[in-house]
Novice: 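Mind looking over this structure? Questions follow.
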Amino acid sequence: MLEPARPDAGSSAVRKPRVRFAPSPTGFLHVGSARTFIFNWLYARHNGGTVVLRIDDTDVERNTQASLNSIFEGLRWLDLGWDEEYQQSERLAIHRRIADLIFDRGLAYRDFTPAHAGDAEKPGGQGTWLFNPGVRDLSRAESDRRAAAGEPFAVRFRVPREAVQQIRFVDRVYGEQAKSTADIEDFALLRSDGMPTYHLASCADDAELQIDHIIRGQDHLSNTFKHILIFEAAGFTLPQFAHLPLLVAPDGTKLSKRRHGPVVSVTTYRDAGFLPEAFVNFLCLLGWSPKDNREKMSRQELIEAFTLEGINRANAVVNFKDAPALDRTSSAQQVSRPGATAVEQRNSSAQQVSAGDASERKVQVPPGTAHILAPEETFDPKAIWLNAEHIRALSIEDLTDRLAPIVREGGFKTERRKMLQITKLIQERIKLLRDVITVADFFFVDHLPPYESAELIPHQGDAAMAQKVLRKAHEVLAQTEFKHDTLDHSLRAAAQELGVKAGQMFQPIRVAVCGRKNAPPLFETLEVLGRDTTVQRIEQAIRKLQ
RNA sequence: GGCGCUAUCGUCUAGGGGUUAGGACGGAAGAUUCUCAAUCUUCAAACCCGGGUUCGAUUCCCGGUAGCGCUACCA
């Protein structure tokens, strides 16, 4: 996984930026991280630069393999790729060397006081550790003696106190930034176990990997002053900084797995049937604008249009609906549509209260929960819309290739020839790839799922009319050629013969063959279904009406 | 608490000293079609508050408020 450092960086006068995306494997890849990666990638591609993926895994306690897998899974799905890859834990020697360098220059010191995490949370925010004069002024001899004696210590940066100065830099998004060293605490470089902290490892690697543009979340804006201190202490040239506005939940809080559930995980979007190019497009529009009113953009268009200047400064809300389990107000009302997805079904079964005894053996919904949200209701409506736009922009072949695996995973079998026909019929009717299961199921199954016979009754008609229409349809369809135009003519003629409106003729047939009222256009549908299935389903419908 | 950042329709945003403050999603209404979808048309919907600068501020400056971030031997 580890590759040797690049031999010759930045030697040419041409500015080919080197950017990096540095996730830490302490959770799944979430949408905010994904967007940071995308912006880095776009910036690099727009300028012919290099994208470095660096796994920031210096927090041994919290790293998990599952998280690492999830991150790669997410990144692979995004399908953008990267040019170089590193793992921070394999570069500890570099971090150590930089820490020693800073220490040897007298710009850092050993702190022998035990770790005291949590002080910052003291009531009133007091107890904030800015620096401890007694500790930082320990004589070098004393410090060396205690270290030699094996006493554990952390290494802290000696932030200038006596001559207070302003640290300044120009952020490519937020403009001029300044902070007094009086407001910067003596942050740690090395922990007492010898592991580097994020600040040290990040800066050491950024410098060593010759990263010249650091594009990251705005939560690092205040940290940048510390980083500049490190860069300067080690004698590194400063990279450019560009901070991105944060992605927040509808309630304004930072996105988190705990509070907001799977909607913040990239793989959730994949599993729900988003197209990676649509998802990327959506994320780009959160906090960035091409400024020309374009919304739907291809990957290439994004590369061409992307500039740091187009980035906004205010946080952006990802407008998803809260997970269903959280407090819903109105009274219990289960949504049970015929097309309920597996996710919904899992949710709804999870929400059923296990009844105590047989007397109250009815399905209940706990108070405060009501509406089970369908996938298309939980995601940001704009993401859904963009996805539908991208789906419609796909060729039939391409879309079929993406739909087929989902159909197969859904337990249906179909051959490509038929699938191509189906795709054509549903392309503008699905918003998520997964919708193929609920929208086109009747093409795949041998037996239609049950439906109410009342559905067969046409508008302004009755059961008798439904009967009459279906019998006539049965008669006509038994001998008509199953081609769009022929079906159109004969069925319309039949309607006229019966003295019913075309709609009253078509609707019972549609319900009979599709098992529901809303479906793709009738004649095309019949063509794909074929005579045998059609006739058989009409017979079933007629029996149903008796 | 300290420090920093931010503030245009419900949401994403464009704009910018004088505009009918533009677009998109979502919502509503209508057209169209064999239902649905798609498409088209129309409508409702915003410059956080208070001062200043100015002939004129939504735009520039200051203050307030609110939100967010940092304030760990997390990243």
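Every chain is numbered from 1 and lettered A, B, ... according to where its sequence line falls, protein lines coming before strand lines.
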Novice: Any side-chain N or O of A:Arg216 less than 4.0 Å from the OP1 or OP2 oxygen of B:A75?
Specialist: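 No, because none of the side-chain N or O atoms of A:Arg216 sits under 4.0 Å from OP1 or OP2 of B:A75.
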Novice: Please report, rounded to the nearest Å, how far the P atom of B:G69 is from the CG atom of A:Leu246.
Specialist: 7 Å
Novice: Per the atom types in the model, does the base of B:G26 pair as donor or acceptor with the side chain of A:Asn319 at under 3.5 Å?
Specialist: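 A donor-acceptor contact between them is absent.
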Novice: I want to verify a distance call: between B:C70, B:C34, B:U13, whose nearest atom is closest to the A:Ser222 side chain?
Specialist: B:C70
Novice: More than 12 heavy atoms of other residues, nucleotides or ligands under 6.0 Å from NZ of A:Lys468: yes or no?
Specialist: yes
Novice: Would you indicate which nucleotide in B:C34, B:A75, B:C5 comes nearest to any side-chain atom of A:Arg510?
Specialist: B:C34
Novice: Would one find a side-chain N or O of A:Asn63 under 4.0 angstrom from OP1 or OP2 of B:C74?
Specialist: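 Answer is no, no contact under 4.0 Å.
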Novice: OP1 or OP2 of B:U39 versus the side-chain N and O atoms of A:Arg392: is any pair under 4.0 Å?
Specialist: yes
Novice: Does a side-chain N or O of A:Arg492 approach OP1 or OP2 of B:C34 to a distance below 4.0 Å, or not?
Specialist: yes
Novice: Expressed as a whole number of Å, how far does the C1' atom of B:C62 sit from that of B:G69?
Specialist: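 Per the computed distance, 24 Å lies between those C1' atoms.
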Novice: Please work out if A:Leu522 contacts a base, only the sugar-phosphate, or nothing of the nucleic acid, heavy-atom cut-off 4.0 Å.
Specialist: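 Here A:Leu522 touches the bases of the nucleic acid.
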Novice: Without decimals, in angstroms, what is the distance between A:Asp219 CG and B:C5 P?
Specialist: 16 Å
Novice: Does a side-chain N or O of A:Lys179 approach OP1 or OP2 of B:G2 to a distance below 4.0 Å, or not?
Specialist: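 Answer no for this pair, as no side-chain N or O of A:Lys179 is under 4.0 Å from OP1 or OP2.
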Novice: What's the closest nucleotide to the A:Phe506 side chain, out of B:C34, B:U13, B:A7?
Specialist: B:C34
Novice: Given the P atoms of B:A14 and B:C55, what is the spacing between them in whole Å?
Specialist: 31 Å
Novice: Rounded to whole angstrom units, what separation is found between the NE2 atom of A:His199 and the P atom of B:U71?
Specialist: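 In whole Å, B:U71 P lies 6 Å from A:His199 NE2.
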Novice: Taking the basic N atoms (NZ, or NE/NH1/NH2) and the acidic carboxylate oxygens, is any pair closer than 4.0 Å for A:Arg402 and A:Glu277?
Specialist: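 Counted as a salt bridge, because a side-chain N and a carboxylate O are separated by less than 4.0 Å.
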Novice: Mind checking who B:G4 pairs with, Watson-Crick or G-U wobble, both distances under 3.5 Å?
Specialist: B:C68
Novice: May I ask you to verify whether the side chain of A:Glu295 and the base of B:G23 hold a donor-acceptor pair under 3.5 Å?
Specialist: yes
Novice: Determine which nucleotide pairs with B:A31, using a 3.5 Å limit on both distances of a Watson-Crick or G-U wobble pair.
Specialist: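 Answer to the pairing question: B:U39, which forms a Watson-Crick or G-U pair with B:A31.
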Novice: Output yes when at least one side-chain N/O atom of A:Lys254 is less than 4.0 Å from OP1 or OP2 of B:C70, else no.
Specialist: yes
Novice: Expressed as a whole number of Å, how far does the C1' atom of B:U42 sit from that of B:C48?
Specialist: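 It works out to 31 Å between them.
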Novice: On a heavy-atom basis, which atom in A:Lys431 and which in A:Ile384 lie closest, and how many Å separate them?
Specialist: CD-CG2, 3.6 Å
Novice: Between B:A75 and B:C70, how many Å separate the two P atoms, rounded to a whole number?
Specialist: 13 Å
Novice: Say we look at B:U65 and B:C49: how far apart would their C1' atoms be, to the nearest angstrom?
Specialist: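 7 Å, rounded to whole Å.
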Novice: Whether A:Ser180 contacts B:C3 is assessed here as follows: a side-chain N or O lying under 4.0 Å from the phosphate OP1 or OP2. Is that the case?
Specialist: no
Novice: Please state whether the phosphate of B:A75, meaning OP1 or OP2, lies under 4.0 angstrom from any side-chain nitrogen or oxygen of A:Arg62.
Specialist: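 False: A:Arg62 side-chain N/O out of range (4.0 Å or more) of B:A75 OP1/OP2.
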Novice: Report yes or no: is there a donor-acceptor pair, N or O only, under 3.5 Å between the side chain of A:Ser192 and the base of B:C73?
Specialist: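 Answer yes: a donor N or O sits under 3.5 Å from an acceptor.
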Novice: Check A:Asp206 with A:Arg216, please: is the shortest side-chain N to carboxylate O separation under 4.0 Å?
Specialist: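 Here A:Arg216 does not pair with A:Asp206 in a salt bridge, since their nearest N and O are not under 4.0 Å apart.
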Novice: So A:Asp59, base contact, sugar-phosphate only, or nothing? Heavy-atom distance under 4.0 Å.
Specialist: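 Sugar-phosphate, no base atom in range.
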Novice: What do you reckon, is CD of A:Glu176 surrounded by more than 12 foreign heavy atoms closer than 6.0 Å?
Specialist: no
Novice: Under a 3.5 Å limit for both distances, which nucleotide forms a Watson-Crick or G-U wobble pair with B:U54, could you say?
Specialist: none
Novice: Whether A:Glu295 and A:Lys382 form a salt bridge (side-chain N of Lys/Arg under 4.0 Å from carboxylate O of Asp/Glu) is what I want to check.
Specialist: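 Judged by the 4.0 Å cut-off on N to carboxylate O distance, A:Lys382 and A:Glu295 do form a salt bridge.
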Novice: Could you please name the option among B:A75, B:G69, B:C12 that lies closest to any side-chain atom of A:Arg191?
Specialist: B:A75
Novice: Is the phosphate of B:C34 approached by A:Lys501 (side-chain N or O, under 4.0 Å from OP1 or OP2)?
Specialist: no
Novice: Can a salt bridge be assigned to the pair A:Glu301 and A:Lys296 using a cut-off of 4.0 Å between side-chain N and carboxylate O?
Specialist: no
